[in-house]
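Scroll down for the structure; my scribbles are underneath it.
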Amino acid sequence: MKNYSADHPGSYSCQAWSSVWAPNLVHVLACSALVLVVIMAAMTSTMVQAVDPDQLQDFCVADLSPTNPVIVNGFPCKPSANVTSKDFLFTGLSTPATVPTTGIKATATFATVFEYPALNTLGISHARLDFGPGGVIPPHTHPLASETLYVLEGTIYTGFVSYEGVLYAETLKVGDLYVFPKGTIHFQINVGTTHAASLNALTSQDPGLLFVANHLLASNIPDAVLETSLGINATALKYLQASVPPLEGF
C-alpha cells in the first residue's frame with residue numbers, strides 16, 4: 001500500500017506517528033483525542049451559528065411608514081436624529097380595550113412593536129387582559145414567544161397543555177404569576193364574580209397569535225380533512241364551524 005506521508009513529507013497521520021513512536025496505548029489515546037477534538041470543534045461551531053445574534057445597537061425604534069421600501073426581519077430603524085424620549089413611552093395599557101377580542105366578555109390590549117415601535121429588536125412585548133365575570137380568552141398559542149401572566153385584579157383560572165398533552169393549570173389571585181412556555185396552547189377564564197385583569201409579558205416584539213378553534217375551523221382547511229381529523233361527520237362539522245365565536249379586532 002502506498003504511504004501518503006512518505007510522498008508528502010509535510011503531512012502527518014496516525015500511521016506516520018506510529019513509524020516514529022512505537023505503537024502503544026499512549027499513541028492510540030492521542031489519536032483518539034485528536035479526532036474527538038475535531039468533532040467537538042465542528043459541533044460547537046454549528047451550535048454557535050444556530051443561536052440568534054444579540055442586537056447590534058442600544059435601540060432601533062421601528063419605522064412603520066408604509067412607504068419605507070426596506071424589507072427586513074422586523075422593521076428598519078427610525079433615524080436616531082428623529083427619535084425623542086416620547087418614542088420610549090407607551091400609555092396604551094392604562095385602560096382596557098373597548099372591543100371584545102373573543103366575543104365572550106374578555107378583551108386584550110396589546111403593546112407589540114405595531115403599537116409600541118420602540119420594542120423593535122428588543123425581543124419583548126406586553127398585553128393587558130380584562131375579563132367580565134365568566135369572561136374567557138379561549139385556547140390559543142404564541143408561536144414565537146414564551147409568556148408570563150401577572151394577576152392585577154380578580155381570580156383567574158389559567159393553564160397550558162404541554163407537548164406531551166398534559167394540562168398544567170392553577171387558580172390565580174392578585175399578585176400571582178404564571179408562565180406559559182413558547183408555543184404551548186393556553187387559556188384564561190375569570191372564575192370570580194367581579195372584574196378580573198392581568199398584565200402579560202412575552203419574549204418577542206411580535207409573538208404571533210393563533211386561536212385554536214378559530215384558526216382550525218374558520219380557515220380554508222378542506223372539510224374532509226377536518227372531519228377525518230376530528231372524527232365527526234359533515235353535519236357536526238358545520239355545527240362546530242357555525243358555533244365558534246368571532247374574533248372581533250383580529
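If you're wondering where the values come from, they're calculated on a predicted model, not measured in any experiment.
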* Classify the side-chain pair Asn120/Gln205 by whether it contains a donor and acceptor separated by less than 3.5 Å. => yes
* **Sub-4.5 Å side-chain heavy-atom contact between Pro143 and Leu210** => yes
* Would you confirm whether Arg128, through its side chain, and Ser94, through its main-chain N or O, come within 3.5 Å as a donor-acceptor pair? => yes
* Go through the structure and list residues passing ring-ring contact (aromatic ring centres under 6.0 Å, His included) with His126, not counting sequence neighbours. => none
* Under 3.5 Å donor-acceptor, Asn214 side chain and Phe211 backbone -> no
* To do: Report the distance from atom CG of Leu119 to atom CG of Asp206, rounding to the nearest 0.5 Å.
  => 10.5 Å
* To do: Considering non-hydrogen atoms only, spot the tightest contact between Tyr239 and Ser243 and give its length.
  => O-OG, 2.6 Å
* **Centroid separation Phe75 to Phe114 less than 6.0 Å** => yes
* Asked: Residues in salt bridge (Lys or Arg N to Asp or Glu O under 4.0 Å) with Asp87, at least two apart?
  -> Lys78
* State whether the side chain of Ser229 and the backbone N or O of Val225 hold a donor-acceptor pair below 3.5 Å, judged by distance alone. => yes
* Asked: Is the shortest heavy-atom distance from the side chain of Thr171 to the side chain of Thr155 under 4.5 Å?
  -> yes
* Asked: Checking Asn233 side chain against Leu237 main chain: does a donor-acceptor pair fall under 3.5 Å?
  -> no
* Val212 and Val244: side-chain contact (heavy atoms from CB on, under 4.5 Å), yes or no, with the steps? -> CA-CA 10 Å; Val212 176; Val244 176; over 6 Å; no
* Looking at side-chain heavy atoms only, is the closest gap between Gln241 and Leu226 below 4.5 Å? -> yes
* Less than 6.0 Å separating the ring centroids of Phe180 and His186? -> yes
* Is the His140 ring parallel, tilted or perpendicular to the His142 ring (thresholds 30°, 60°)? -> perpendicular
* Determine, step by step, whether Phe88 and Tyr116 satisfy the ring pair (Phe, Tyr, Trp, His ring centres under 6.0 Å) criterion, reporting the C-alpha distance in whole Å, the side-chain angles of both residues, the deciding distance to 0.1 Å, and the verdict. => CA-CA 8 Å; Phe88 301 100; Tyr116 192 6; 8.5 Å; no
* Asked: Strictly by modelled atom types, are Ser198 and Asn200 linked by a side-chain donor-acceptor pair under 3.5 Å?
  -> yes
* Asked: Is the shortest heavy-atom distance from the side chain of Tyr178 to the side chain of Tyr150 under 4.5 Å?
  -> no
* Gap separating the CG atom of Leu199 from the OG1 atom of Thr148, nearest 0.5 angstrom -> 7.5 Å
* Compare all side-chain heavy atoms of Leu129 with those of Phe131 and state whether any distance is below 4.5 angstrom. => yes
* **Polar side-chain atom of Thr203 near backbone of Ser146 as donor-acceptor pair, under 3.5 Å** => yes
* To do: Could you tell me whether the side chain of Asp130 and the main chain of Ala97 form a donor-acceptor pair under 3.5 Å?
  => no
* Asked: Looking at side-chain heavy atoms only, is the closest gap between Lys105 and Val136 below 4.5 Å?
  -> no
* Could you state the interatomic distance from CD1 (Ile124) to OG1 (Thr121), rounded to the nearest 0.5 Å? -> 12.0 Å
* Asked: To the nearest 0.5 Å, what is the distance between CG (Leu209) and CG (Leu144)?
  -> 11.0 Å
* Asked: For the atom pair CZ (Phe160) and CG (Leu167), what is the distance rounded to the nearest 0.5 Å?
  -> 8.5 Å
* To do: Determine, step by step, whether Ser162 and Tyr168 satisfy the side-chain contact (heavy atoms from CB on, under 4.5 Å) criterion, reporting the C-alpha distance in whole Å, the side-chain angles of both residues, the deciding distance to 0.1 Å, and the verdict.
  => CA-CA 8 Å; Ser162 72; Tyr168 296 92; 3.8 Å; yes
* Is the closest side-chain heavy-atom distance between Thr158 and Ile189 below 4.5 Å? -> no
* To do: Measure the shortest side-chain to side-chain distance between Leu172 and Val191 over non-hydrogen atoms and say whether it is less than 4.5 angstrom.
  => no
* Structure fact -> When rounded to the nearest 0.5 Å, the distance separating CG of Leu93 from CD of Glu115 is 9.0 Å
